[in-house]
Structure formats: C-alpha cells, structure tokens
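Each ligand, and each atom within it, is numbered from 1 in the order the structure gives. Computed from a prediction, not measured in an experiment: that's the story for all the values here. All residue numbers in this chain count up from 1 along the given sequence.
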Amino acid sequence: MELAMQSPTQLEISRRDLLISSAAAVAATSAVPLAAAAQSSGSKMNLSTSIAFSVNGEQRELIVDNRTTLLDALREHLHLTGTKKGCDHGQCGACTVMVDGRRVNSCLTLAVMHEGDEITTIEGLGEPGSLHPMQAAFVKHDGFQCGYCTPGQICSSVAVLEEIKANIPSHVTADLTAPASVTVTEIRERMSGNICRCGAYSNIVDAITEVAGTKA
Ligand code: FES
Ligand code: FES
C-alpha cells in the first residue's frame, strides 16, 4: 500500500497540506457570500452622512463618517475643543454637553443621531466678561485645579439644576427660574458621573450649591 510506504515525515507533510487546503477552502466559502452580496446589490456602502444641528445657537451642517461620535464632531470638525475627551468610554464625564437641555456623554453618542438637535457646549454657556453664573461660581469657589474635567462638570451641573427643578411637581412650583431645592447629598449623587482626578469635589459642590441657592 502506498500509504504504508510513506515515511513519518512524508505523512506529516501530507497532513499539514491537508489542513492548509481545508482552511483556505473555509475562508473562500465564507468570503463568497459577502462579495456576492456586495456585487449583486450593485451599491457601495454609504459611510458618510450629512447632518444639520444647532450648536450654541448657530446652525451647523457637516458631512461626517457615520461612526463619528458627537464628541469628535464637536472637537475635530467644529473645533470646539472646550469639550474634553477623557476616557472616550462613558466613564469620566469630561465630554458632557447638553442636547436639547439634557446632559449627555458626547463620547457615547453618534453625531448622526442628532439631526435637528440643539447642542450646548461650554463655549455656549458664557465667555470671558460674561460668564454663566455656574462658570462664575466655579471660579469663585476654586472648583478646579488642572481644569480638564471642568467643562464637563459645569455643563453637567447646569443640567443637574434643571433636572431637579423639572422633577419638582408643578403644584409645588411652576417657576423654573426659581432656585432649586437641593441638598448637598443630591448634588453629589447627581454629579457622580463626573470624575475629577484633582479631587476638587468639595469646591465643585460649593459652587453648585451657591447657584442653586442652597446653603452648602
Ligand atoms: Fe466621555 Fe469620558 S470622555 S465619559
Ligand atoms: Fe483636574 Fe478636575 S480639575 S481633573
């Protein structure tokens, strides 16, 4: 028998050849349907989308790769670098902006999901000479050290006070401009998604409680 006449080395080579040819066959069969589907559809995958939204009160239009996060659209396309990228995984809050008045981690949401939305970044809250009350309070209370987390902290804290006001039943108060009734514990809990590596937490809470009209 021919097989019996093969040396162990020849047998080993034959077996290796068989494994290689089997792997190639599997790869080829799994690739065929994808290639065939792409050809039969006759269309290229559309990787970019045109979007329009309002950023800090200004109408902006962009063509972005569908995978672009809102954070990267703001920083890389619109050059609004006040919004910071910390973890890029939804864990630090440095990228917090407001979308239609609600805070979001802009690293966790795609830009193409925000067609027609109103986005507010730290640049839209105030500027030197006319700071937003929360920005002024952070300065007054030294609510930062390196400042990297600060834009996210401020956007988040502005939205937090609105959240608290909105949660108060309307029969108690319908005036959303009135000071929010808020405790330090609640502020700490609601701000827990915004991490400060410098540990400026007590000063941040002081700033928020001042704007909220609550005694720290
Ligand atoms: Fe978005 Fe950290 S950069 S949560
Ligand atoms: Fe440095 Fe918060 S001020 S991380």
K.L.:
Is the shortest side-chain N to carboxylate O distance from Arg102 to Asp100 below 4.0 Å?
P.N.:
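No.
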K.L.:
Going by the atom numbers of ligand 2, which of them fall below 4.0 Å from some non-hydrogen atom of Gly147?
P.N.:
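Contacts of ligand 2 toward Gly147, numbered from 1: 1 (Fe), 3 (S).
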K.L.:
Taking both backbone and side-chain atoms into account, decide whether Cys196 has an N/O/S atom under 2.8 Å from atom 1 (Fe) of ligand 2.
P.N.:
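Within the cut-off used here (under 2.8 Å), Cys196 places no N, O or S atom near atom 1 (Fe) of ligand 2.
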K.L.:
For atom 3 (S) of ligand 2, what is the nearest protein heavy atom, given as residue, atom name and distance?
P.N.:
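Ranked first by proximity to atom 3 (S) of ligand 2 is Gln145 N, 3.1 Å.
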K.L.:
Which value, rounded to 10°, describes the SG(Cys92)-atom 2 (Fe) of ligand 1-SG(Cys87) angle?
P.N.:
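The SG/SG angle about atom 2 (Fe) of ligand 1 sits at 110°.
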K.L.:
State whether a side-chain donor-acceptor pair under 3.5 Å links Ser48 with Asn66.
P.N.:
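Side-chain D/A pair, Ser48 to Asn66: absent.
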K.L.:
Should we count CD of Glu189 as having more than 12 external heavy atoms under 6.0 Å?
P.N.:
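At most 12 heavy atoms, drawn from other residues, nucleotides or ligands, come within 6.0 Å of this atom.
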K.L.:
Name the residue from Cys155, Pro133, Pro151 that meets the side-chain contact (heavy atoms from CB on, under 4.5 Å) definition with Leu125.
P.N.:
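So the option named by the test is Cys155.
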K.L.:
Number the atoms of ligand 2 from 1 as they appear, then name those within less than 4.0 Å of a heavy atom of Cys198, with their elements.
P.N.:
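With Cys198 as reference, the close atoms of ligand 2 come out as 1 (Fe), 3 (S), 4 (S).
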K.L.:
Quick check on the hydrophobic clustering: are Leu110 and Phe53 connected, directly or via other members, by side-chain heavy-atom contacts under 4.5 Å?
P.N.:
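Per the 4.5 Å side-chain linkage, Leu110 and Phe53 are co-clustered.
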K.L.:
At under 4.0 Å between heavy atoms, which part of Ala200 makes contact with ligand 2: side chain, backbone, both or neither?
P.N.:
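For Ala200, there is no contact with ligand 2 at all, from either part.
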K.L.:
Show which atoms of ligand 1 fall inside a sub-4.0 Å distance from at least one heavy-atom site of Gly90.
P.N.:
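In order of numbering, the contacting atoms are 4 (S).
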K.L.:
Looking at every heavy atom in both Leu62 and Ala73, which two are closest together, and how far apart are they?
P.N.:
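Scanning both residues completely, I find the closest heavy atoms to be CD1-CB, 4.2 Å.
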K.L.:
For Cys149, counting its heavy atoms only, list the atoms of ligand 2 lying under 4.0 Å from any of them.
P.N.:
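Counting from 1, the qualifying ligand atoms are 2 (Fe), 3 (S), 4 (S).
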K.L.:
Taking atom 1 (Fe) of ligand 1 as the vertex, what is the angle from SG of Cys95 to SG of Cys107, given to 10 degrees?
P.N.:
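Rounding to the nearest 10 degrees gives 100°.
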K.L.:
Going only through I, L, V, M, F, W and Y residues with side-chain contacts under 4.5 Å, is there a path from Ile122 to Val99?
P.N.:
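No, it is not one cluster - the side chains of Ile122 and Val99 are not joined through contacts under 4.5 Å.
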K.L.:
Under 4.0 Å from a heavy atom of Asp88: give me the atoms of ligand 1 that qualify, with their elements.
P.N.:
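That gives atoms 2 (Fe), 3 (S) of ligand 1.
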K.L.:
Taking the basic N atoms (NZ, or NE/NH1/NH2) and the acidic carboxylate oxygens, is any pair closer than 4.0 Å for Arg75 and Asp72?
P.N.:
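Here Arg75 does not pair with Asp72 in a salt bridge, since their nearest N and O are not under 4.0 Å apart.
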K.L.:
Identify the closest protein heavy atom to atom 4 (S) of ligand 2: which residue and atom is it, and at what distance?
P.N.:
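The closest one turns out to be Arg197 N, 3.2 Å.
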